[in-house]
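Model, not experiment: these values are computed from the prediction.
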Amino acid sequence: MVRFGAVGLLIVGAAAAVVSALFVSPWWWLAGCLIGAIALVGCYDLVQRRHSVLRNYPVLGHARFLLEAIRPELQQYFVERNYDGRPYDRDTRSIVYERAKGVDAEEPFGSERDMYSRGYEFLVPSMRPVDMPKHAPRVRVGGPDCTQPYDMALLNVSAMSFGSLSANAVLALNTGAARGGFAHDTGEGGLSEYHLRPGGDIIWEIGTGYFGCRTKDGDFDPDQFREKAAHPAVKCVSLKLSQGAKPGIGGVLPGSKVNTEIARVRGVPEGETVISPPYHRAFATPREMVRFLARMRELADGKPVGFKLCPGSRAQFLAVCKAMLAEDITPDFIIVDGAEGGTGAAPLEFADHLGMPLTEGLITVHNALVGAGLRDRVRVGASGKVATGADIVKRLAMGADWTNAARAMMFAVGCIQAQRCHTNRCPTGVTTQDPRRARALDVDDKSERVRRYQEATVSSALQIMAAMGASEPGELGPHLVRRRATDADEFRSYAELYEWLKPGELTVDPPAGWAADWKAADPDSFTG
């Protein structure tokens with residue numbers, strides 16, 4: 001109501017100035033015209049649907065766009081970085097915004113990247129490029145025990161929960177996914193009507209709190225799970241072990257955000273801070289985990305079931321591979337979440353120091369599955385600072401089958417990185433449960449931005465692939481990504497920088513670099 005009151009005061013002030021001009025002094029006409037013009041701007045800001053900031057902050061919100069126009073914003077929070085931590089890429093956020101708005105992202109002049117520092121990467125173009133595919137390829141997700149496989153897009157909405165996001169933000173993301181034909185991961189906050197109403201394809205994420213399928217004591221409830229997994233919009237189920245921004249710690253939703261609706265969706269008390277446990281109560285060993293995955297797939301009537309993690313120890317993941325072999329049970333997919341991924345709230349030390357970056361984590365998981373002879377049964381997704389077509393191509397070349405984006409999708413629905421996610425005072429209505437702030441986010445406008453961003457980014461990835469001489473993702477490989485290995489003029493491909501295993505190699509004769517970890521891996525223990 002404050003924003004309406006401020007505009008109302010401007011209107012009253014303009015009227016008072018006009019009265020003063022008529023009865024006191026004609027000089028009041030100047031003040032009346034000025035205040036009246038500002039009042040008209042404020043009225044327009046309140047009714048327009050393009051900019052959430054202006055709907056929440058009429059008149060004053062224009063200062064943000066003025067600052068953006070002259071480029072003084074501190075944009076270091078979302079720039080690509082070298083391996084020594086220094087930023088080198090142009091503002092990725094601007095690319096996302098432009099694609100979401102349908103603006104051509106091409107710019108004049110050359111690259112702004114520092115090509116002569118250690119860690120600089122480039123993709124290898126072909127001297128004989130191929131034609132760009134007319135249709136974006138999709139990835140069939142579903143192993144031998146899956147009876148309802150799903151065809152995944154190359155770029156999808158990564159896990160973000162209702163509760164962390166507003167209802168309008170979730171509606172916009174899912175409506176965009178429905179329009180564009182890609183998937184929307186719910187995050188661990190439960191399956192709400194806002195995920196289901198637009199009809200977009202859903203990946204239902206189940207975290208350690210089992211929100212949406214939990215008993216009163218916080219355990220997994222198979223009956224609730226079966227009922228909700230049967231919904232036609234639910235295409236896959238993902239068991240969250242950890243996320244890149246805060247591996248090893250549960251999620252936190254402040255009590256100020258836990259309103260009646262969120263409490264109902266999650267099955268938790270209203271108004272109380274919700275803290276997810278750091279571990280799952282349904283299993284304690286890798287062997288028990290793969291059995292639980294099989295149980296979930298059975299309860300979901302054969303829909304694809306997988307898990308998400310931010311890798312840390314290679315031996316621990318190999319223990320899961322050994323459990324898969326011992327039980328002859330494999331997930332249909334694994335999502336690798338890089339440590340560089342973002343979150344609305346996490347301890348700084350966790351965000352900065354725990355977990356593998358996406359490159360190392362993805363290569364580890366891909367190689368472990370190949371070496372264990374399981375890669376043909378398990379699809380691999382990649383998430384964690386994926387925003388551009390080049391990001392997609394790099395991850396596909398390093399072993400991923402598809403990618404997910406969270407932060408970039410938030411930008412598409414209007415996030416300006418005000419970093420007020422945990423305060424319930426998001427200025428754009430994206431990460432708030434305050435209905436007055438959330439109303440500023442226009443679902444129809446922002447869902448179209450989500451669709452445009454995803455379509456343009458996948459198109460960019462296909463264009464880059466064609467320039468590299470690849471007609472489909474299967475033709476990409478680590479030899480097509482090069483990195484400056486030293487400060488001297490030495491580039492090495494990822495095929496040279498990392499050891500790449502052969503199918504089944506670990507089960508027959510583990511190479512020296514993997515032998516100790518393979519020996520230490522225990523299917524009955526997560527330690528190692």
Side-chain angles (χ1 to χ4, degrees), residues 77-85 87 119 121 158-161 164 185 187-188 205-209 238-252 275-280 283 286 289 306-321 331 333-369 378 380-387 391 394-395 398-400 402-408 410 421-422 483 494 497-498 514 517 520-521 525-528:
Y77 300 106
F78 195 71
V79 293
E80 297 298 318
R81 295 181 180 274
N82 280 320
Y83 274 68
D84 58 3
E121 292 180 349
S158 194
M160 293 178 284
S161 302
S164 297
D185 192 312
E188 67 172 303
E205 182 176 281
I206 309 297
T208 56
S238 176
L239 185 71
K240 174 190 168 183
L241 300 184
S242 60
Q243 71 182 84
K246 44 186 175 183
I249 190 173
V252 178
I275 302 177
S276 304
Y279 57 86
H280 280 272
F283 55 85
M289 187 187 84
F307 64 90
K308 180 179 83 171
L309 83 162
C310 175
S313 163
R314 188 164 68 178
Q316 287 185 36
F317 186 78
L318 289 174
V320 176
C321 292
F333 63 89
I334 297 172
I335 299 173
V336 182
D337 202 19
E340 59 268 54
T343 181
L348 185 60
E349 292 87 350
F350 276 77
D352 287 346
H353 301 292
L354 267 71
M356 289 186 184
L358 181 54
T359 294
E360 284 71 21
L362 176 59
I363 292 174
T364 295
V365 169
H366 170 76
N367 264 310
L369 291 172
V378 184
V380 177
S383 62
K385 230 170 185 180
V386 174
D391 294 334
K394 285 181 182 179
R395 300 315 174 192
M398 294 174 186
W402 82 86
T403 62
N404 295 334
R407 198 171 346 192
M410 289 180 66
C421 309
H422 59 296
R483 191 175 89 200
Y494 272 77
L497 291 170
Y498 293 86
W514 286 73
D517 286 329
S525 174
F526 279 113
T527 60

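- The two residues P311 and V365 come nearest to each other via the heavy atoms CG-CG2, 3.9 Å.
- Not counting sequence neighbours, the partners of S383 by the side chain to side chain contact (heavy atoms under 4.5 Å, CB included) test are S158, I335, D337, N404.
- In this structure S161 satisfies the side chain to side chain contact (heavy atoms under 4.5 Å, CB included) test together with S164, E188, R266, sequence neighbours excluded.
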Apply side-chain contact (heavy atoms from CB on, under 4.5 Å) to D391 and K385, showing your working. CA-CA 8 Å; D391 294 334; K385 230 170 185 180; over 6 Å; no
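- Considering only residues two or more places apart in sequence or on other chains, M410 meets the side chain to side chain contact (heavy atoms under 4.5 Å, CB included) condition with M160, L165, C415, V430, T431.
- Remark: D517 pairs with R314 by the side-chain hydrogen bond (donor to acceptor under 3.5 Å, both in side chains) rule, at least two apart or across chains.
- Atom CD1 of I334 and atom CG of L239 lie 11.5 Å apart (nearest 0.5 Å).
- A search for side-chain hydrogen bond (donor to acceptor under 3.5 Å, both in side chains) contacts involving T403 returns nothing, not counting sequence neighbours.
- Counting heavy atoms from C-beta on, the side chains of D185 and K308 never come closer than 4.5 Å.
- The distance from the CD1 atom of I363 to the CE atom of M356 is 10.5 Å, given to the nearest 0.5 Å.
- In this structure, L369 and C321 approach most closely via the heavy-atom pair CD2-SG, 4.2 Å.
- Annotation for A368 and W514: closest pair N-CH2, 3.9 Å, computed over non-hydrogen atoms.
- The OH atom of Y279 lies 13.5 Å from the CZ atom of F526; values are rounded to the nearest 0.5 Å.
- Interatomic distance, CG of L497 versus CZ of R483, reported as 5.0 Å (0.5 Å rounding).
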Evaluate the criterion side-chain contact (heavy atoms from CB on, under 4.5 Å) for residue pair Y494 and K394; output intermediate values, then yes/no. CA-CA 10 Å; Y494 272 77; K394 285 181 182 179; over 6 Å; no
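- Proximity of Y498 to T359: side-chain heavy atoms (C-beta onward) are separated by under 4.5 Å at one or more points.
- A search for side chain to side chain contact (heavy atoms under 4.5 Å, CB included) contacts involving A319 returns P286, A521, not counting sequence neighbours.
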Go through the steps for F317 and V336 under the test side-chain contact (heavy atoms from CB on, under 4.5 Å), then give the verdict. CA-CA 11 Å; F317 186 78; V336 182; over 6 Å; no
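- A distance of 9.0 Å separates CG of L358 from SG of C310, quoted to the nearest 0.5 Å.
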